[in-house]
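Labels below follow one simple rule: chain letters A, B, ... track the order of the sequence lines, proteins then strands, and each chain is numbered from 1.
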Number of protein chains: 2
Amino acid sequence: MPYLTRDEPVDESIGCRILTAALQLFVERGYHNVSIHDVQKRAGVSIGSIYNHYGGKEGVAKGLYRHLLTELEAVIDNVIAGTPSPQAQCERVIRQLLDFTESRRDIMAFIFATRHREFLPGEPPICNSAPFMRLRDIVRHGIEQGTFRAMDPWVGASAVFGGTIRLIQLRLDGMVTQPLPELADELIVTTWRGVLPGEITTSAREA
Amino acid sequence: MPYLTRDEPVDESIGCRILTAALQLFVERGYHNVSIHDVQKRAGVSIGSIYNHYGGKEGVAKGLYRHLLTELEAVIDNVIAGTPSPQAQCERVIRQLLDFTESRRDIMAFIFATRHREFLPGEPPICNSAPFMRLRDIVRHGIEQGTFRAMDPWVGASAVFGGTIRLIQLRLDGMVTQPLPELADELIVTTWRGVLPGEITTSAREA
DNA sequence: GTCTATACGCTGATAGAC
DNA sequence: GTCTATCAGCGTATAGAC
């Protein structure tokens, strides 16, 4: 069952095979360029099974969406529970996301490079999903207790995670060729300089 | 003709009416949830005209895509030409993008919140388009001449523009309710702290 | 529960009048 | 160049056998 946290999908149940095939195809071609027949073919099951398990194409996407967000939420909650400060929590989450981009490319692409709104109108937008709210809560908490500089919470969240998300998207689009974990240290240093308090001694060096 | 730089689309030509209608519909529902008939209806023209002007649905999207990127490129080139330092160039571009998010919402949504790859397979990905390359060039130039700290160019580009792009996307998704220009100063301060050189005096304040 | 065969609607595209 | 009427193909969903 777990896609994000286990190495091989040991679960060979039909439901899991359907979700795995759908994830691959949706990421490869985009939801609307994938037909039920494509999913059925790659999963090695029949159309009837798909309708029995998920009620149709949109049901498959909905099941996949909820499942992956639940897994991501669990990962983040684990980090939060096992890490003391907001700063350390953010840093661990960032590193984890960079790692996942290499090891779980499809999942990251489905989460960070998909317009779910276009095929899951009933679902809450991904920015409002539990894992993303958790991340914003960390930042807000950090701002309140002075770990981060005082600033608008949305600016804070964008400053802390915007660079990471952008880098992930550039990597998923094939622009960045270097594995992201190798860039983690530079990215994190830059991120902390942006949001941590402290005076910055800018020696004016404009020509 | 110009969408991004002029206030009202004075051009009432059929070609412009088609692009305007398509832009609205694509942003509202997503490319695949819009039919030719929808575009034809909203533009107040016939299907035949659409095929005469753009050769079909994908042609409309392609025309829109190229036109908007060309306009954005011109805006960025103007900023570059009229602004001395890489830092000032980035800052002016960021403020301009935040302004456009309020005044040209549809255009920004089409550029920053659309998976063009899913319906324009022949076009180069938007990260490789001229305007985005220009932005990266500014950052690379700034790193080379020491305006920005030494770092991987991709990390630099993500650090400079990632927060802005994230904030724009959150605004387009309706999460951020405040007009972005009001948040510009905070965002820019944070961005520069991240990438500008200079020692930062972090008084350790972890509890 | 799983599968195959089929039906129906929608949509992109075309033909041909004006 | 602009328009209307029409077609053909695809894709979702269902019916019904096993």
TODO: Sequence neighbours left out, what passes side chain to side chain donor-acceptor pair (under 3.5 Å) with B:Arg193? Give chain and number order.
DONE: none
Open item on the list: Restricting to non-hydrogen atoms, name the atom on B:Thr147 and the atom on B:Pro197 that form the minimum distance, rounded to 0.1 Å.
Closed with: O-CD, 3.1 Å
Task: Gap between atoms NZ and P, on B:Lys41 and D:dT4 respectively (whole Å) - done: 13 Å
- [ ] Please list, chain by chain and in numerical order, all residues satisfying ring pair (Phe, Tyr, Trp, His ring centres under 6.0 Å) with A:Phe161, sequence neighbours excluded.
- [x] none
Open item on the list: Please enumerate all residues that pass side chain to side chain donor-acceptor pair (under 3.5 Å) together with B:Arg42, with sequence neighbours excluded.
Closed with: B:Gln24, B:Glu28
Open item on the list: Going by ring pair (Phe, Tyr, Trp, His ring centres under 6.0 Å), name the residues that satisfy it together with B:Phe100, two or more places apart in sequence or in a different chain.
Closed with: none
Open item on the list: Strictly by salt bridge (Lys or Arg N to Asp or Glu O under 4.0 Å), give each pair with a member in residues 48-62 of chain B just once, sequence neighbours left out.
Closed with: none
- [ ] Return the angle between end axes of the helix from C:dG1-D:dC18 to C:dC18-D:dG1, with five pairs used per end and rounding to 10°.
- [x] 0°
TODO: Sorted by first residue and then second, give each salt bridge (Lys or Arg N to Asp or Glu O under 4.0 Å) pair with at least one member in residues 116-128 of chain B; sequence neighbours left out.
DONE: B:Arg66-B:Glu123
TODO: To the nearest Å, give me how far apart CD (A:Gln40) and P (C:dT4) are.
DONE: 7 Å
Task: Those residues that, when tested against B:Arg134, pass side-chain contact (heavy atoms from CB on, under 4.5 Å) (two or more places apart) - done: B:Glu73, B:Ile76, B:Asp77, B:Ile80, B:Ala130
Open item on the list: Protein within reach of the bases, or only the backbone? For nucleotides 7-18 of chain C, mark each nucleotide 5' to 3' as B, S or -, using heavy atoms under 4.0 Å.
Closed with: ----SBBB----
Task: Length of the line joining B:Ile50:CD1 and D:dC3:P, which is rounded to integer Å - done: 10 Å
TODO: Using only side-chain N and O atoms of B:Ser49, determine if any of them is under 4.0 Å from OP1 or OP2 of D:dC3.
DONE: yes
